[in-house]
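Notes follow once the structure below has been shown.
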Protein chains: 2
Amino acid sequence: MPTPDRTSLEDIVRAAREILESHGLAGLTMQAVADRVGVRAPSLYKRVRSRNDLVGLVARATVRDLSDRLDAVVRSADPRADLGELARAFRAFAHARPAGFRLILGWGPETRKLDPDEQLRASASVLRVAADLAGPAHALEAARMITAWANGFISMELGGGFNLGGDIEEAYEFGIARLADALSADARR
Amino acid sequence: MPTPDRTSLEDIVRAAREILESHGLAGLTMQAVADRVGVRAPSLYKRVRSRNDLVGLVARATVRDLSDRLDAVVRSADPRADLGELARAFRAFAHARPAGFRLILGWGPETRKLDPDEQLRASASVLRVAADLAGPAHALEAARMITAWANGFISMELGGGFNLGGDIEEAYEFGIARLADALSADARR
DNA sequence: ACCTGAACACCGTTCAAGT
DNA sequence: ACCTGAACACCGTTCAAGT
C-alpha cells in the first residue's frame, strides 16, 4: 500500500541550497538534508542517486538563477554602461549566494562542470556586451577576458585574498573602467 | 628506549604534495600519506596536528615555490614585456602543479588563506610590474586587476570553464596585451 | 620518544523488512 | 511505492600499550 510522500525532489534541492549557504559544502551532508526535510537519510536515495548528484542539482539551480539575473540587466545604447551593470550584477549575485557562486564558478575540487547549454545561457549576456564593445571579431576573447577578471576578482575578494588594504569597491570600478577602455580601444583599430 | 624515526615532517609534506597532485585533495587522506611514508596513520599525529594542519603545510610550501618562480622572472626595461613574462610564468606554474595552485589560489571551500607574509612575498613581483606600468598611484589597483584576471583565466581554463571553442593560448595573449594597454594608458593621463 | 592496534564518531550508501 | 533501522566501508582522530 502506497505511503503518502513525505518530501519531494524540489524540497530536497531547496533544503540543500539553504544548508550550502548556511553551513558550507562540508556541512551539506545527507543527514543534514534529511533532517531538514523531515525524513531519514536513506530515504533521500529514492529521489537522488547520490550526494554528488544532489550537489549537481544545486549547481544547476544556481546557474539558472545567475543567468536570470544577468539576463535582467537592461541593454542600453552605451556598451560601456552595460559592461558596468553586468559586472555589478555578477558581483551582487556572488555576494548574495557566496557558497552557490563558489560551487559553480569557484575552482575548488568540488566545483561543478556545467552543461554546455547552461553555460552558454549564462554566458549570453557577457558575449553580447563583449561584441558591442570589442566588435564581433574579438567577442569571444573579450568575453573571456571580462569573465576571467570578474570571476577572479570576486573569488579573491570572497576568499579573503585582498588583504593588502585599499578600497575594494574602487578597485572593482577601476577594473570595469580599464576593461572598457582596453576592449573598446581594440575595436577602434 | 627511543625508537629510530621512521619518517619526518619533510617526508610527510613531500608525500602529501605528491598525493595531492596525483589523486586530488579528496585522495589526500591520512591513510594514503601514511602508506607512502611507510608508517601507520596514527603515527602521523606525532608530527602534524591534524589533516587540516598538513594541508596548510602543503599550501605554504606551494606558495613558496610559486613566489620563487615569479621572483625568477627577470626585470627588463620594458614593463609590457615584464607583464607578459610574469603572466606566463604564473600560468606555467598552474599547469605544472594544478592541484597545488588550486589549493592556494582557487576558491574552493578548501582553499587556504595564506599568511600575510607569504602573500606579500608572492605579490611582490606583480606589484612591481603594476607600478612600472600604471604608476605608483594606481599600483595596487593595477596589481589586483592583473592578478584577478590571470587567476580567473587560469581557474576557468583548468576547471574546464572554456568550452565555447577558440584558442586558449591566443585568448591569454589577448588578455596580456589588452591589460598592458589599459594599465599603461592610465599612467598617461 | 616514536610506533602501533583497537576503538570511536561520523560520513555515504545499501538493503531487507515494514507500511 | 515510499520509508526505516541496521549494517558496511571508509574517513579523521584518540589512546593505552608496546618497543
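Bear in mind the structure is a predicted one, so any value in this text is a computation, not a measurement. Just so it is clear: chains get the letters A, B, ... in the order the sequence lines come, proteins before strands, and each one is counted from 1.
Cation-pi check for R49(B) over Y45(B) is not met; the charged atom does not lie both under 6.0 angstrom from the ring centroid and within 45 degrees of its normal.
At the heavy-atom level, S43(B) lies under 4.0 Å from base atoms of the strands shown. Within 4.0 Å of R47(B), counting heavy atoms only, lie sugar-phosphate atoms of the nucleic acid but no base atom.
When distances are taken from the side chain of P42(A) to each of dC15(C), dC3(D), dT4(C), the shortest belongs to dC15(C). Of the candidates dT4(D), dG12(D), dC3(C), the closest approach to any side-chain atom of K46(B) belongs to dC3(C).
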Legend entry - Residues D35(B), R40(B); criterion salt bridge (Lys or Arg N to Asp or Glu O under 4.0 Å); working and verdict: CA-CA 7 Å; D35(B) 285 354; R40(B) 303 290 180 163; over 6 Å; no

Inset, instruction - Verify ring-ring contact (aromatic ring centres under 6.0 Å, His included) between F101(B) and F90(B), making sure each step is shown before the conclusion. - result: CA-CA 10 Å; F101(B) 181 85; F90(B) 192 69; 5.4 Å; yes

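The nearest whole Å value for the distance from the CZ atom in R51(B) to the C1' atom in dC11(C) is 13 Å. Look at CD on Q31(A): it is 10 Å from C1' on dG12(C), rounded to the nearest Å. The OH-P distance, from Y45(A) to dC3(D), rounds to 15 Å in whole Å. Separating the CE atom of M30(B) from the P atom of dC10(D) is a distance of 18 Å, rounded to the nearest angstrom. For the pair D5(A) CG and dA1(D) C1', the computed distance is 8 Å after rounding to whole Å.
Taking side-chain N and O atoms only, R49(B) has no distance below 4.0 Å to OP1 or OP2 of dT13(D). Residue R40(A) has no polar side-chain atom (N or O) positioned under 4.0 Å from OP1 or OP2 of dC3(D).
The list of salt bridge (charged side-chain N to carboxylate O under 4.0 Å, His left out) pairs with a residue in residues 150-164 of chain B, not counting sequence neighbours, reads R91(B)-E157(B).
Using the Watson-Crick or G-U wobble rule with both distances under 3.5 Å, dT14(D) pairs with dA6(C). In this structure dA1(C) sits in a base pair with dT19(D), meeting the Watson-Crick or G-U test at under 3.5 Å.
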